[in-house]
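When a residue number appears, it is its place in the shown sequence, counting from 1.
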Amino acid sequence: MSAVNNALVVGGGAAGAAVASLLAEAGVQVDLVEVKPEPTAIGSGITLQGNSLRVLRRLGVWADVQRNGYAFDTLGLRAPDPAGTLIVEMPDVKTGGPDLPATVGMPRPVLARILIDRALAVGVKIRFGTTFTQLAPDATGVDVTFSDGSGGRYDVVIGADGIRSWTRRSLGIHLETKAVGMGIWRAFGPRPASVTRTDLYYGGPSYIAGYCPTGEDSLYAYIVEDAQDRSTLTPAEQLAVMRELSQAYHGPWDEIREHLTDPSRVNYTWFETHLLDAPWNRGRVVLIGDAAHTCPPTLAQGAAQALEDALVLAELLVERDALDEALWDAFHARRTKRAKAVVDASNQLAQWQLEHVQGDVPGLIHATAAMLSNPA
Ligand SMILES: Cc1cc2nc3c(=O)[nH]c(=O)nc-3n(C[C@H](O)[C@H](O)[C@H](O)COP(=O)(O)OP(=O)(O)OC[C@H]3O[C@@H](n4cnc5c(N)ncnc54)[C@H](O)[C@@H]3O)c2cc1C
């Protein structure tokens, strides 16, 4: 017995693919529409903390993640000096429990592929290059019209369509997504042997420079600056800017810079934030992941929170026998406070840097990690 027999998931990112897989695995008929023509993900690499690994293990893809990623248990802090001096190497909190690594880095497209393959394997019917054009909810279901002219009726519609969610807009929810004031350069490249964990360099001409190994042969490196309009730069100019900014950082960065030669592997984006107050549902349509909450990646928790939303929602839809207010109350009780704590802490960490305030960074990071160590 479950609260729904069928479900539509809008969006095939981390949140959408995960909730679709968990529901399908439990016997719910799941359709997923993804507006992009294929499962791609820009932005080179992703840092997966233990609490996201816990969800990925529950999804049945931990072995794939482990095989395709790079696991590590410490975090380094380095100085922006000519030697790239290692100030400290700290053990990272294992937020997924002692039997999972603290962190795994992996290429984003690989994670996207693993999640989509899992959804297909458990019977999710995925249509790429497709979205909805109309949602018409009533007391017992949601009538949906799709962009390919087809239609369907669903017990629940899950909007997992990211930061600029069309589902959110179609529900008439006006959520202001604000620029935080920082922009990030990211590049994907080969991993020098000296890079075996994430190191962060605070200070120098940029706010943060860092890197994360994503496999035996790969890493992504990043530099955070004041947000500016970089949209008019050609790819070659973007590469030149990132190389120039990186000149202040040494140690492993010297080797990373040597391989920073391919403009197609450089990406620039602004940090943005928003947080939807409860409720995240309107009747039988609910928002999860970035559609409901997003924040700068100062704690690398966006995808983790999206995955936790997916897990909690799927658990409730499968374990309960009615889609009623009690189910939504239980969902919000388990998700909104926790997601807000992550968004607030992530924004605070960015704000301290923007204002050049010496806040209690380790204290905030550890308090958040301690909270996240309890399963969602
Ligand atoms: C610079 C940067 C670095 C980050 N680094 C990390 C990190 O290291 N670790 C971490 O955990 N998080 C990180 N994040 C956050 C993380 O990327 C997001 O929180 C996460 O991808 C959200 O997943 P999602 O499934 O909710 O949304 P998305 O990943 O955005 O997926 C939404 C999907 O919906 C699709 N879609 C959109 N509109 C429609 C529509 N109308 N119909 C159908 N499909 C649609 C999109 O094509 C997309 O595939 C970072 C974010 C940024 C900006």
Side-chain angles (χ1 to χ4, degrees), residues 44-50 69-95 101-105 180-187 189-214 218-226 242-260 271 295-301 304 342 345-373:
S44 62
I46 188 159
T47 302
L48 298 167
Q49 310 283 6
Y70 193 103
F72 50 97
D73 292 325
T74 59
L75 172 73
L77 294 183
R78 287 183 184 266
D81 62 20
T85 306
L86 180 65
I87 302 165
V88 64
E89 180 181 1
M90 303 176 287
D92 238 346
V93 178
K94 292 189 164 195
T95 53
T103 310
V104 166
V180 169
M182 290 169 154
I184 185 168
W185 292 99
R186 283 178 292 175
R191 180 182 71 88
S194 56
V195 172
T196 55
R197 58 159 191 263
T198 287
D199 285 334
L200 298 174
Y201 300 59
Y202 283 99
S206 304
Y207 291 110
I208 310 171
Y211 43 74
C212 172
T214 51
S218 66
L219 61 59
Y220 74 107
Y222 43 91
I223 298 182
V224 180
E225 62 170 17
D226 279 316
M242 186 168 180
R243 279 188 68 93
E244 180 55 32
L245 289 173
S246 77
Q247 298 290 347
Y249 304 103
H250 300 284
W253 254 109
D254 290 326
E255 288 177 274
I256 293 169
R257 188 166 36 252
E258 270 177 39
H259 296 284
L260 208 52
F271 289 173
C295 56
T298 41
L299 287 167
Q301 271 294 319
V342 167
S346 303
N347 285 332
Q348 179 67 81
L349 290 169
Q351 207 56 38
W352 279 336
Q353 289 186 47
L354 279 164
E355 292 169 1
H356 302 284
V357 169
Q358 187 60 51
D360 180 11
V361 174
L364 184 55
I365 291 176
H366 275 96
T368 312
M371 186 256 310
L372 293 171
S373 298

**Message:** As an exercise, state the distance from OH of Tyr222 to OG of Ser206, rounded to the nearest 0.5 Å.
**Reply:** 13.0 Å

**Item:** Approximate separation, where rounding is to 0.5 Å, of Leu77 CG and Asp199 CG
**Value:** 8.0 Å

**Main-chain N/O of Leu75 paired to Thr198 side chain as donor or acceptor, under 3.5 Å** = no

**Request:** Please report the closest heavy-atom contact between Asp92 and Ala102, naming both atoms and the distance.
**Result:** CB-CB, 3.5 Å

**Item:** Atom pair CD1/CH2 of Ile223 and Trp185 - distance to nearest 0.5 Å
**Value:** 9.5 Å

**Side-chain (Arg78) to main-chain (Tyr249) donor-acceptor, under 3.5 angstrom** = no

**Request:** Name all residues meeting the side-chain hydrogen bond (donor to acceptor under 3.5 Å, both in side chains) criterion together with Trp253; count only those two or more places apart in sequence or in a different chain, and write none if there are none.
**Result:** none

**Item:** Closest approach of Ala79 to Ile87 (non-hydrogen atoms, all atoms of both residues)
**Value:** N-CD1, 3.7 Å

**Prompt:** Does any non-hydrogen side-chain atom of Gln49 lie less than 4.5 Å from one of Leu372?
**Reply:** no

**Request:** Measure the CD-CD distance between Gln348 and Gln353 for me, rounded to the nearest 0.5 Å.
**Result:** 11.0 Å

**Message:** So which atom in Val180 and which in Leu354 form the shortest heavy-atom distance, rounded to 0.1 Å?
**Reply:** O-CD1, 3.2 Å

**Leu364 side, atom CG; Leu349 side, atom CG - distance, nearest 0.5 Å** = 5.0 Å

**Asked** Any side-chain heavy atom of Phe72 sitting closer than 4.5 Å to one from Pro101?
**Response** no

**Asked** Judged by modelled atom types alone, do Ser346 and Gln301 share a side-chain donor-acceptor pair under 3.5 Å?
**Response** no

**Prompt:** Yes or no on side chain to side chain contact (heavy atoms under 4.5 Å, CB included) for Val93 and Ser373, after CA distance, side-chain angles and deciding distance?
**Reply:** CA-CA 8 Å; Val93 178; Ser373 298; 3.6 Å; yes

**Prompt:** Do Thr196 and Pro213 have side-chain heavy atoms sitting under 4.5 Å apart?
**Reply:** no

**Message:** If we ignore hydrogens and angles and just use 3.5 Å, is the side chain of Tyr201 paired with the main-chain N or O of His250 as donor and acceptor?
**Reply:** yes

**Non-hydrogen atoms of Gly69 and Val104 that approach each other most closely** = CA-CG1, 4.0 Å

**Asked** Which pairs, with at least one residue in residues 355-368 and sequence neighbours excluded, count as a side-chain hydrogen bond (donor to acceptor under 3.5 Å, both in side chains)?
**Response** Gln351-Glu355

**Prompt:** With a 4.5 Å limit on heavy-atom distance, are the side chains of Tyr70 and Thr214 in contact?
**Reply:** no

**Message:** For Gly204 versus Pro80, what's the shortest heavy-atom pair and its separation?
**Reply:** N-CG, 3.7 Å

**Message:** I'd like to know if the side chain of Arg186 reaches the main chain of Tyr220, judged simply by a donor and an acceptor atom lying under 3.5 Å from each other, with no hydrogens or angles considered.
**Reply:** no

**Message:** Let me confirm one number: the CD-CG distance from Glu255 to Leu260, rounded to the nearest 0.5 Å.
**Reply:** 13.5 Å

**Request:** Work out which heavy atom in Leu299 is nearest to a heavy atom in Ala345; give both atom names and the distance.
**Result:** CD1-CB, 3.8 Å

**Request:** Kindly say whether Asp73 contributes a backbone atom to a donor-acceptor pair with the side chain of Arg197 at under 3.5 angstrom?
**Result:** no

